[in-house]
Amino acid sequence: MAKEIRTIGVMTSGGDSPGMNAAIRAVARACSYYNVKCIGFYRGYQGMIENDYCEMNARSVRNIISTGGTILKSARSSEFRTPEGRKKAADNLKKAGVDAMVLIGGDGTFKGGQVFSEEYDIPVIGVPGTIDNDIAGTNFTIGYDTALNTVVEAIDKIRDTASSHDRLFFIEVMGRDAGFIALNSGVGAGAEEILIPEEDLGLDRMLESLKRSKRSGKSSSIVVVSEGDKIGKNVYELADYVTENMPDYDVRVTVLGHMQRGGSPTCFDRTLASRLCVKAVELLLDGEKNVMVGLINNEIVATNFDDGLKEDHSINKELLRISDILSV
Ligand code: F6P
């Protein structure tokens, strides 16, 4: 029989994302609703190793649903990758009386959770929180929608100045190994070209397309480049390459960087975080363990970590086609 769950721990790990606070709030409030003690660990796995935690209740998460960042802070712990680090964490959870954990983060967080739960008998549930949207076990990760809106707003502003000065802008967006942010913000902001890691379209094709745009009467252009783009050059090299081959164009580069990870979460991300985390707590109380929760076809679904982490990032190729058609 599954052990009774009296105390649930929660932490946020990896790159922070807007909506993580809404997620922490939902865990703490669901625990309070079901009369379970809730403990929040600071700085993800590192806080578990250092026994750095606080007790949480329904009131300790007041007024955080609208805030970006994470009140529990976040980190990428190299110590947790070692057996010694994981042992310290397991010992500390035992001492604090933690029966189960909700892990909010991305693929690195889930991989750590999977190894940990195989080594120690502590049930864990993963909640996908990352702006990258690169987790197979959910259609949307917490923070992705907010990041998209941040990026589109920034590109709209750059479009104003690009158009005033007849310039070509390369705009680099986040997404280490996945082009979701680039592809969707690119279509949403009407970019002329979108470069993503999943598709190596080649430099010549990009150059030809920019020349075609210019011939068709466009005086300014926007190229959205995912930081993980596989075309083989970074965004500054791309800009230099175009300058060499299209000397008439005045080229500029903007790297949006970490602004994409901040800001107040959209309603979509707040609701997603709330739904996923209530479900995470309920699954633990029902004796479920070692799965992630995700939103699939508008249902909250539990998927085992292996399937949830599959490298099928299912980029919507249709969006590339749409972008091609609309950037004539
Ligand atoms: O995984 C989220 C993410 O924002 C990626 O898109 C980006 O490559 C990475 O984190 C940057 O990480 P950091 O600056 O925190 O090391």
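Atoms within a ligand are numbered from 1 in the order they appear, just like the ligands themselves. The chain is numbered in sequence order, starting from 1.
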Which atoms of ligand 1 sit under 4.0 Å from any heavy atom of G175?
-> 6 (O)
M174 to ligand 1: N or O pair under 3.5 Å?
-> no
Indicate whether the side chain of N184 and that of Y144 have a donor and an acceptor atom separated by less than 3.5 Å.
-> yes
Nearest non-hydrogen atom to atom 11 (C) of ligand 1 belongs to which of R261, Q260, E227?
-> R261
S221 (side chain) donor-acceptor with F169 (main chain) under 3.5 angstrom | no
Ring-ring centroid check Y45 F116, cutoff 6.0 Å = no
Under 3.5 Å side-chain donor-acceptor pair for T146 and D269 | yes
Atom 1 (O) of ligand 1: nearest protein contact (heavy atom, Å) = D132 OD2, 3.0 Å
Show which atoms of ligand 1 fall inside a sub-4.0 Å distance from at least one heavy-atom site of H258.
-> 13 (P), 14 (O)
Hey, is G106 one of the residues with a heavy atom under 4.0 angstrom from ligand 1?
-> no
Can you name the one residue among D107, I135, L276, L103 that meets side chain to side chain contact (heavy atoms under 4.5 Å, CB included) with M292?
-> I135
Do me a favour and list the nearest non-hydrogen protein atom to atom 16 (O) of ligand 1 with residue, atom name and distance?
-> R76 NH1, 3.0 Å
Please list all pairs passing the side chain to side chain donor-acceptor pair (under 3.5 Å) test where one or both residues lie in residues 16-29, with sequence neighbours left out.
-> D16-R261, N21-T67
